[in-house]
Structures are given as C-alpha cells and as structure tokens.
Enquirer: 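Attaching a single structure in structure tokens format; questions to follow.
Remember, predicted model here, so these are calculated numbers, not experimental data. Proteins get letters first, then strands, A, B, ... in listed order; numbering begins at 1 in each. Only this structure's heavy atoms are used, side chains among them; waters, hydrogens and symmetry mates stay out.
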Protein chains: 2
Amino acid sequence: MTNVTIIDIAEALGITPSTVSRALSGNPYVKESTREAVRAKARELGYERNVHASNLRSGKTHTVGIIVPRIDRQFFSSIISAAESILDEAGFSVIICQSHENEEDEISALKTLTESRVGGIMVSHATGSRSGSHILEAMNRGIKMVQFDRVFPGFPGSSVTNDDFAGAYNATMHLIGNGYTRIGAFTGPLGTNMFLNRYEGYKAALTEAGLPLDEDIVFENSIVRETGYANAAKAVERGCDALYSSGDYSALGALDFLKEKGIRIPQDFGIVGTANEAFTSLISPALSSTEQNPVEIGKKAALALLRLMNNETSGENLVVDTELIIRESSDRKHFAKK
Amino acid sequence: MTNVTIIDIAEALGITPSTVSRALSGNPYVKESTREAVRAKARELGYERNVHASNLRSGKTHTVGIIVPRIDRQFFSSIISAAESILDEAGFSVIICQSHENEEDEISALKTLTESRVGGIMVSHATGSRSGSHILEAMNRGIKMVQFDRVFPGFPGSSVTNDDFAGAYNATMHLIGNGYTRIGAFTGPLGTNMFLNRYEGYKAALTEAGLPLDEDIVFENSIVRETGYANAAKAVERGCDALYSSGDYSALGALDFLKEKGIRIPQDFGIVGTANEAFTSLISPALSSTEQNPVEIGKKAALALLRLMNNETSGENLVVDTELIIRESSDRKHFAKK
DNA sequence: CTGAACGCTACAAAGGTTTGCAGAACTCGA
DNA sequence: TCGAGTTCTGCAAACCTTTGTAGCGTTCAG
C-alpha cells in the first residue's frame, strides 16, 4: 500500500501541507511554478489523495448511490450504465445497491448509502416498498434524491418517469388503426402507478375511438409468460382479435398460445407488448412493443441529481417519451399480404 | 443532515467517546449495560457512524470495487448482481465502474477505486486493454484483486474463469454425436485467451472424433449477427452441415441465413451457440448454447475476493463449469422426425 | 518614500473515529 | 482485610486533509 501523504510532498519541497493541498486542488492562489513542482513531486512519489481524509474534513463526498430492485434486469442495467457514465464524467463514483424487490433490503441499502455520506441518491423503489416512508424520511433529512421509473408521487426531490399513459394510448391506437376491433388488455398490478397509468392510456384510446370497455377482457397481473399464455386463451375464447400487453413476457406467452392454435398473426390477431425487450425483435413473428428508452431515463436522472446537488433546483418532475416500435405482430397493413 | 457524533452520545451519557466507539463496534471489553445504554441513545439521537472518519482512522474500508467493460450486458450484470449480494452480506459496499472496453477508462476506474482505498477489486478487463500492465502494477502495490471471465494469465491474485475449452469441446462433440460430419467454427479474435481456448476445444473434439480440421471453414471474428449471416453463407457454400459458434449473436445471424435459404434445422444443418443469451430459448428454432453460469462466476469471484482480503489465501485460480443446453437447433435425434 | 493592495504561503485548528496504554472499579480467594 | 487478577473506562494521540486567518514580501500609485 502506498502511504504517501501531502506532508511527505511538503517536506520534500520545503513547503507546508496546506500549500500542497491547494496546489493539487486547483486553488488559484498558488504560484504556477509551485503548482508544477508539487505535481511533479506527487507523481514521482506515487501520491494518491486520501479521499476519506478529504471527505471528513470538507464534509463533502464525491460518491452517489443508486438503488434498484435488481441490477441484472436489462432495463435497470441500461439505466445504471447511462447514469454511471454521466456521473463518472462529473467526478462522482457510483455505489450500487439492490433491493431485491423487498422493503427490508431497500431500507438497509438506504442506510448504507447515507452512512457513506453520499452526495445524492437515485432510487427506483421495490414493489415490496408500499409507503416509501423510509425514502421520504431520508429526503426530509436533506438527502438529495431522484426517483426514477417507479416513483412515489408527491415526494420532494426530483423524479424521472416514462409517459406510460401515452405509451399505452399510442399502442392501443395503433391496434385500432390497423382495424382490430375487440382489443383486450394485459396489465400488471394496478396498485402500482405505472401499470395503472398504462391501463388508463388503454382505456382512453378505446373511449376516443368509440369502442366499448369490456372488463371481461382486461386481465390484471398478466406479466409473465405463463399468465400470458393462459389469459390469451381466455381472451380468444371471449372474442378478442387483439391484445395490448403491459409487458413483453406476457405478450410472448400469448404468442405461444396463438401460434399453437394456428391463429395467424397479424392477420387474425394483433398484439403489442411493452418494454421492447431484446428478444422482441429476434422472435418470429417479431413483437411490436413500446420502447421505454432506459438510456434516456438514466441520463436524465443523473443530470437531475447533479442539478439537485448543485442546488440549481429544489426538485423537478421529468418525463421521458416512449416510442412505439411496430413489428410484424401488429402491423396488419404490411404483413397481411404475406 | 444529521450531525450526531459519538461525542454527543458520550456527553449525553456522561462517558467518553472511546467507550461509545467500543460499545458500538462490539468490543467485548465493555459492560453490557453500558452497551445497551449507548445503543439506545444512538437510536434516540439518530446517530449514524461517519464512515470516513472511521476509514481514515482505521485505515480499513468496507468498500470493494468491480470493473467491467459494460454493466448493461446481461452476462456482466448477472455476475455483478450475484457478487453484490454476497459482498453486501459480508458488510461491503460495492462501487461499480465501466471500462467501455477501452484501456483509458479502465485505468481511470482503477485510479478511482484505489483512491477510494477500496479493500479489493474484481475486474474483467476491456478488450482494449492489451498488456494489463496497470492491473499488474496495482496488484504489485498490494491491492487485492480477483480477475474474472477475461483474465491475464500468470498475474498474482485470484481468478475465476469458465472452462471454455471444455465448453467448446462438449458442444462440438454433441454435434458430432448427432451425426454432423463437416462442422465449421465461428470464433472471436484469437488474441483473446477465451476465444483461443474455445477454438482449441473445438479442434480437440474434431481430432478425437477423427474428423479433419479444415481452416477454410473456421471463421475468425464472427461474433455479431451480421458476420454470422455472411459467414454462414460461406460455410454452406463450402459444404458444412453444422456450425459451432463462439457466440449466440453470430449463431443467430447464421440462423437468419439458413431459414432464408430454406435449409432445414436441425435435419439438414445443426448449430450450437455460446453464452446462452436470453433470446436463445425464445426464438424458433430454439438455439442450443453453452451456458456460462454468470451467477456462479459472480459468487465465486466475490468469495475469492473475501478470502484474499482476509489473507486466507494469496491467490487461487478457479474454474466454473459450463453447461451445454441442447435445443432444437442441434438436436437432430429428437427433432428430425418432425 | 510611504502606505495600500495584492499575490502567495505558513500556521493551526478542525473534522469524527479508533486504539494503545494507563488506571479505576470491582471480584474473589486466602 | 488485603492483594492479585479481571473487567471496564478514560486519556490522548493519530489518521490526512482542508480552510480561515494572519503574515510575509512585492508592486505600484500617489
């Protein structure tokens, strides 16, 4: 381990540690020749700033934290990757914690980060975290926070979310525009804001197009492949000719069922998923989906956090647009001729 | 911000900070009643240990770093996720850095981490990092390091890798066992150890089965979908009836070509990929592949790092087994009847 | 030539915790 | 009751950097 300190540099140069500190930190009140000498000596001795001493004295830290349910989901890892690049650029290290979708781990992650005296935190809360009181409490203690994707509305600090309503609205409208008339919906738990907003978008599109809303063909908690398969069967039985799905995996399950039954896609049945998972473009028929732009979310959230830490804002609510990616599974106009 | 210190607790209780420190850190030389009183007061006052002061004084840190090329690749994010869980359990926070596959970023990541005085580092080096001299230099300065997946052989410290040779050997043998006789290979750049080992495994299987090695049907740098497509055309032209691919994306490209030409899979042509990407089980025909067990790698690497930091070892080289996942694309025995 | 202004550096304190050492309080056997 | 041994706590230094203040030497206007 290196143990070179600014004191060593100071002694070697016959000056004091304070001058060395100022020289290295870019303080303008230091002669250029001195600064150069200090830099040279620091390099020669292999000096490495002790961030802990620095943080202790200055009370500031060059670290921020990110809390996500799981790192190994493509959506979150893309967000983290984008955010990390920006934060790194701004001189911040990033500590990453997983809540594993449960509140207990989220609370302990929060504790870890506040103990580390991070300058700010980006958080997308666990589904197991119902009230978010621990997050609110941390905010009230003055910790700079940006919520992203999964957000407790009305909290202080900043937030970055998708326009889930518009995403679902556009997807549904796209199905309507392709001539489907009885469009069912797969949703996630409607207690979660995000899923509720998507459901509202779906309803709004139906209403606007003058189509009836039939609760019989709305399937809550259809977010995995298996439930998608099972509910697709019910949807077909109940006369649907299309499905809007709040997730890609349940849409995939629906495709499994439809292909098995020999129902032609998109001629006889249309389907649009949500999230634009990597596999959607690789399967056959390729699945239409709503791109969530995680990279954009990550960037915006990181920049929002930087603004928050610089006191350039006291809180802002940002929205990232979704983008409808039309593929074979719903593009009747193009693929019907096949 | 809370600013409660152990001094505040000490004053409130009429004892000294040293006792408070000992009480909180679990030092056995402190009366149980005192410890309880300290804990209660700490909770009451909302005390939070200042890790920077602690690290500064003790010279130890409860942080480790992980450097990967990119966080947003499923393989790496799975490794990180698994490692993070174990390290968190052991009381370590994890700082994550991306090298973006270039040496410069890797060096600066290394600097960030050593400046933060992390207790140890897990690293999978960038392709742009040819010699790894910066890594070696850090190791020689006494920093505990575990290399994983992409490893510079012969370095001190520990390493965790896949048995790439065996993975490729098994995959090729599986093709041979299914009656394919002219098996081509897609490889990555052979300057990278991992790809070289896979190529060696492929060759060993051919040799053992008494099949000739024909360099005409070995395609280096076939790792993306496009090159897979192009080289599959050449492979077919040169009489191949099967392909072993060092990656799934190039195998996917090959499937694109084969399907387009109406070549039946697996009856007329067999193919096995590598990495077992999520899409492999979702496409049609489902792609056989070699599972790399990233979760296992992450766990092993984390545990190896903990051992290294506890001086329970001075370095060990661990190997994680791969697992051949047989799917439609190569399972002629089962699917030929279709 | 004097005094003010300026550029630069030294001094010293502070930030919160840990830890070796010394010493106080207590226990217990003789 | 005394003394030896234990158990617990206090004292003070140390970890390394940052930063407010003071002071030095120089420059320059008047």
Enquirer: Whole angstrom is fine here: how far is it from CG in B:N50 over to P in D:dT17?
Expert: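 Nearest whole value for this atom pair: 17 Å.
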Enquirer: Rounded to whole angstrom units, what separation is found between the CZ atom of A:R117 and the P atom of C:dG16?
Expert: 9 Å
Enquirer: Looking for any heavy atom pair under 4.0 Å, which part of the strands does A:S21 touch: base, sugar-phosphate only, or nothing?
Expert: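 Base, at least one base heavy atom under 4.0 Å.
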Enquirer: Does a side-chain N or O from B:Y29 land closer than 4.0 Å to OP1 or OP2 of C:dA22, or not?
Expert: no
Enquirer: Starting at CG of B:N3 and ending at P of C:dG15, how long is that distance when rounded to a whole Å?
Expert: 9 Å
Enquirer: Less than 4.0 angstrom between a side-chain N/O of B:T34 and OP1 or OP2 of D:dT9, yes or no?
Expert: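 B:T34 to D:dT9 OP1/OP2: side-chain N or O found under 4.0 Å.
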Enquirer: When the distance from CG of A:L24 to C1' of D:dT19 is rounded to whole Å, what number comes out?
Expert: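 Spelled out: CG on A:L24 to C1' on D:dT19 is 15 Å.
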Enquirer: Rounded to the nearest angstrom, tell me the gap between atom NE2 in B:H62 and atom P in C:dT17.
Expert: 15 Å
Enquirer: How do A:I6 and B:I15 order along DNA chain D: which one's closest nucleotide is nearer the 5' end?
Expert: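 Closest to the 5' end, via its nearest nucleotide, is B:I15.
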Enquirer: Using the side-chain hydrogen bond (donor to acceptor under 3.5 Å, both in side chains) criterion, which residues pair with A:S133? Sequence neighbours excluded.
Expert: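 Counting only residues at least two positions away or on another chain, A:S133 forms a side-chain hydrogen bond (donor to acceptor under 3.5 Å, both in side chains) with A:S131.
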Enquirer: Classify the ring geometry between A:F92 and A:H62 as parallel (under 30°), tilted (30 to 60°) or perpendicular (over 60°).
Expert: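 Perpendicular.
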Enquirer: In whole angstrom, give the distance that lies between atom CD of A:E11 and atom P of D:dT17.
Expert: 12 Å
Enquirer: Between the side-chain atoms of B:R22 and the base atoms of D:dG10, is any donor-acceptor pair under 3.5 Å?
Expert: yes
Enquirer: If you assign each of B:T19 and A:I7 to its closest nucleotide in DNA chain D, which residue comes earlier from the 5' end?
Expert: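 Its nearest nucleotide being more 5', the pick is B:T19.
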Enquirer: Can you see if the side chain of A:T16 gets near the phosphate of C:dC11 - specifically, an N or O under 4.0 Å from OP1 or OP2?
Expert: no
Enquirer: D:dT19, D:dT9, C:dT17: which one has an atom nearest the side-chain heavy atoms of B:R57?
Expert: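 Of the options given, the side chain of B:R57 lies nearest C:dT17.
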Enquirer: Can you pull out every side chain to side chain donor-acceptor pair (under 3.5 Å) where at least one residue sits in residues 299-309 of chain B? Sequence neighbours excluded, please.
Expert: B:R307-B:E316
Enquirer: Does B:S18 have a side-chain nitrogen or oxygen under 4.0 Å from the phosphate oxygens OP1 or OP2 of C:dT18?
Expert: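 Result: no.
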Enquirer: Evaluate the ring planes of B:F76 and B:F148, with Trp represented by its six-membered ring, and classify them as parallel (under 30°), tilted (30 to 60°) or perpendicular (over 60°).
Expert: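 Because their plane-to-plane angle is over 60°, the rings of B:F76 and B:F148 count as perpendicular.
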Enquirer: Just the rounded figure in Å: distance from P of D:dT18 to CG of A:L56.
Expert: 11 Å
Enquirer: Within the pair B:S58 and C:dT18, is there a side-chain N or O less than 4.0 Å away from OP1 or OP2?
Expert: no
Enquirer: Any donor-acceptor pair under 3.5 Å linking the side-chain atoms of A:S18 with those of A:T16?
Expert: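 The answer is yes; a qualifying pair exists.
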Enquirer: Classify the nucleic acid contact of B:R49 as base, sugar-phosphate or nothing, counting any heavy atom under 4.0 Å across all strands shown.
Expert: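 Counting heavy atoms under 4.0 Å across all strands, the contact made by B:R49 is with sugar-phosphate only.
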Enquirer: Rounded to the nearest angstrom, tell me the gap between atom CG in B:N27 and atom P in C:dG20.
Expert: 10 Å
Enquirer: For B:S25, report the nucleic acid contact type (base, sugar-phosphate, nothing); a contact means any heavy atom under 4.0 Å.
Expert: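 Result for B:S25 = nothing.
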